[in-house]
Amino acid sequence: MLTGLKSLVRKATSALLSSQEQTYPIIIPRDKHNLSRQDLSTNALKVLYRLNKAGYEAYLVGGCIRDHLIGIEPKDFDVVTKATPEEVQALFSNSRLIGRRFRLVHVTFGREIIEVSTFRANTTQEEAPEIEQKSLKDKDSARSSHGIILRDNVYGNIEEDAERRDFTFNALYYNVEDFSIHDYCGGLADIKNKQIRIIGDPRQRYQEDPVRMLRAIRFAGKLGFDIEANTVAPIKEMAQLLDHIPPARLFEEVLKLLGSGNGTKTFALLREYGLFRYLFPDTDALLQSGWKRQDIDPEAFILRGLKNTDERIQGGKSTAPYFLYAILLWPSVALRHEEFMAQGMPVTPALHQAANMVLDNQVASTAIPRRFSTPMREIWDMQLRLPKRYGKRAFQLLEHPRFRAAFDFLLIREQSGTELEGLGAWWEAFQFGTESQQRDLIKQIDKRTSNNEGPKKRRPRRRRKSNGPQHESSSD
Ligand code: ATP
Ligand code: MG
């Protein structure tokens, strides 16, 4: 009897709750949430106060609110307001207008930039038929620095602004006037249930902007949340839309996906949902093929590299985008290297040729700025040079600007099963040894490997081999 009554009360309460949840916004007063003003950027608060004082509605929005509620330190603070960009700019001397067709304001405080955007109305595919899938590549300029499509300066109200955001937990607004949070799409409940839920119809939203599929995966990797069933359902089938995204934008997304401290988890999710192949087609094909060599296991190597990057970031150390990219493309370089050598090319030119080929293929998917591709090539190149330590070479290599990265890369190769006869340990000892220890280390090498490593004995042998046509044909 009592249980019956209890369940009746429970049903009535949940009916009441769900009917309440239908009416948006849900406004959560200060004493009902754990977001304190102390947690927020003082510069972002300054921007809010000044906008409010001038009579404009203004809120903190997006990732900064989401992350704080989850207990993660946010990366940046974004403000959204009723004021037009020109009105915002007039209020802040330390601000500048960004963009031509679409306009945002960056308010700068030393190294911190607060991005202020104006409430915008959503332009759906039907209203804006010019965003055909194929033309997405060309429409890239019409985006905020966060990637929101901003084709035109169609300003709207806060409800419209909320609807055009990607996930419910990104449509939470913080009002500094009374410290309340305004939830327009049920994001708070989704945070509670650890769910990533897209706002509106998933297919339509992915069609509008396929990068949202990557963002869903990124948040799953970062927050450990599940992607809600409807949100996840079309991803595999719509993944190919990523082919139409400009490589420069995908490059930025890759860095956020794999270089933010949750790379290992995110890599697994990207593969699971068939998205990885649109980011790294060669690497994906190679992983799918199961290609392995005695000295390289591509999957083990990439996983080890991602783990290393994750650990560095979690330990507060810096990581370089070129290192991450060098890891992700190395198995393909190794494969091509072997192919070019099989065609008779000498070791070093074959590696350079392999690097060229892999980089050329890769930039069709994700751009790689030259300031990153140059050090990537150096890291790869150093893998051939690090074993050659005789004479003065070890000292010269130690001075190389890319030595440290190349050494870390070498360790990852070893840790993932590549047998290099203690090369990593040797370099470890050499780097940190005294001069006399270093000389001893070199002596050991010369003694141990002078027969197969010393240049003088090796070169004539190689020359004889390649110059002897009779010998070559007889081996056929
Ligand atoms: P983080 O900063 O941790 O990467 P974020 O959610 O803040 O996560 P940003 O790229 O900084 O992501 O974007 C800020 C806000 O802009 C998001 O919270 C979301 O509301 C909106 N947004 C970003 N990208 C998109 C998109 N592709 N489609 C719709 N809304 C988007
Ligand atoms: Mg952000």
Side-chain angles (χ1 to χ4, degrees), residues 40-41 44 59-81 98 102 104 106 112-125 128 131 136 139-140 142-151 156 158-174 181-188 190-191 196-202 204-225 231 235 238 241-242 244-246 249-250 252-263 266 313:
L40 305 172
S41 148
Y59 302 87
L60 272 181
V61 66
C64 60
I65 306 301
R66 176 200 69 222
D67 285 355
H68 259 310
L69 292 172
I70 296 171
I72 299 174
E73 184 152 354
K75 283 203 319 245
D76 43 35
F77 289 84
D78 296 320
V79 168
V80 70
T81 179
I98 306 292
F102 63 97
L104 294 166
H106 279 181
E112 189 177 19
I113 294 175
I114 307 294
E115 187 169 291
V116 184
S117 55
T118 304
F119 294 143
R120 276 192 173 78
N122 200 4
T123 6
T124 64
Q125 190 100 41
I131 15 157
L136 276 173
K139 297 284 170 195
D140 191 48
R143 286 170 197 282
S144 77
S145 60
H146 297 305
I148 309 185
I149 305 169
L150 299 165
R151 276 175 302 279
I158 187 166
E159 282 85 6
E160 289 167 317
D161 187 87
E163 262 174 40
R164 54 181 274 289
R165 293 185 179 269
D166 48 4
F167 302 105
T168 58
F169 56 31
N170 284 341
L172 296 169
Y173 296 74
Y174 176 81
I181 292 176
H182 297 206
D183 176 356
Y184 279 86
C185 303
L188 285 169
D190 284 329
I191 287 180
I196 299 162
R197 183 191 306 271
I198 200 147
I199 298 169
D201 173 54
Q204 188 188 330
R205 301 308 308 281
Y206 297 146
Q207 189 82 43
E208 273 170 19
D209 182 6
V211 169
R212 289 176 185 143
M213 294 185 275
L214 293 175
R215 287 175 58 86
I217 300 295
R218 173 152 76 86
F219 292 128
K222 168 175 167 167
L223 307 172
F225 283 20
T231 306
I235 291 187
M238 297 183 83
L241 291 181
L242 288 174
H244 307 294
I245 302 297
R249 188 172 176 213
L250 288 187
E252 295 298 327
E253 288 302 322
V254 165
L255 299 187
K256 290 192 211 162
L257 284 157
L258 299 177
S260 302
N262 308 291
T266 312
I313 294 169

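Just follow the structure's listing: the first ligand is 1, and inside any ligand the first atom is 1. Computed over heavy atoms, backbone and side chain alike; hydrogens, waters and symmetry mates excluded. Just so it is clear, the structure is predicted and the values come from calculations on it, not from any experiment.
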Please work out whether any backbone atom (N, CA, C, O) or any side-chain heavy atom from C-beta onward of [X] is under 4.0 Å from ligand 1, and answer side chain, backbone, both or neither.
X: Asn170; answer: both
X: Arg164; answer: backbone
X: Arg165; answer: both
X: Asp76; answer: side chain

Problem - Smallest separation among heavy atoms of Asp161 and Thr118, with atom names - result: OD1-O, 4.2 Å
I'd like to check [X] versus [Y] (side-chain heavy atoms, cut-off strictly below 4.5 Å). Are they in contact?
X: Ile181; Y: Tyr173; result: no
X: Arg197; Y: Phe167; result: no
X: Arg249; Y: Glu252; result: no
X: Val79; Y: Glu115; result: no

Contact atoms of ligand 1, heavy-atom distance to [X] under 4.0 Å:
X: Gly63; value: 5 (P), 6 (O), 7 (O), 18 (O)
X: Gly62; value: 18 (O)
X: Lys75; value: 1 (P), 2 (O), 3 (O), 4 (O)
X: Lys222; value: 3 (O)
X: Asp78; value: 14 (C)
X: Arg218; value: 1 (P), 4 (O)
X: Asp209; value: 26 (C), 27 (N)

Completion exercise
atom 26 (C) of ligand 1: of Arg212, Glu115, Glu252, the nearest heavy atom sits on Arg212
Does [X] come within less than 4.0 angstrom of ligand 1, counting non-hydrogen atoms of the residue?
X: Phe219; value: yes
X: Glu208; value: no
X: Val211; value: no

Practice task
Sequence neighbours left out, what passes side-chain hydrogen bond (donor to acceptor under 3.5 Å, both in side chains) with Thr81? Give chain and number order.
Solution key: none
Fill in the blank from the handout: Applying side-chain hydrogen bond (donor to acceptor under 3.5 Å, both in side chains) to Glu159 and not counting sequence neighbours gives none
Practice task
Would you please test Leu250 and Leu214 for side-chain contact (heavy atoms from CB on, under 4.5 Å) and show each step?
Solution key: CA-CA 9 Å; Leu250 288 187; Leu214 293 175; 3.7 Å; yes
Handout entry: Pi-cation contact, Phe169 with Arg66 (under 6.0 Å, within 45°)
Key = yes
Practice task
Kindly state whether the ring of Phe219 and the ring of Phe225 have centres lying under 6.0 angstrom apart.
Solution key: no
Fill in the blank from the handout: min-distance N/O/S atom, Asp76 vs the Mg ion (ligand 2), resolves to OD1
Handout entry: Aromatic plane relationship, Tyr59 with Phe119 - under 30° parallel, 30 to 60° tilted, over 60° perpendicular
Key = tilted
Problem - Test of proximity, Arg205 against ligand 1: N or O pairs below 3.5 Å - result: no
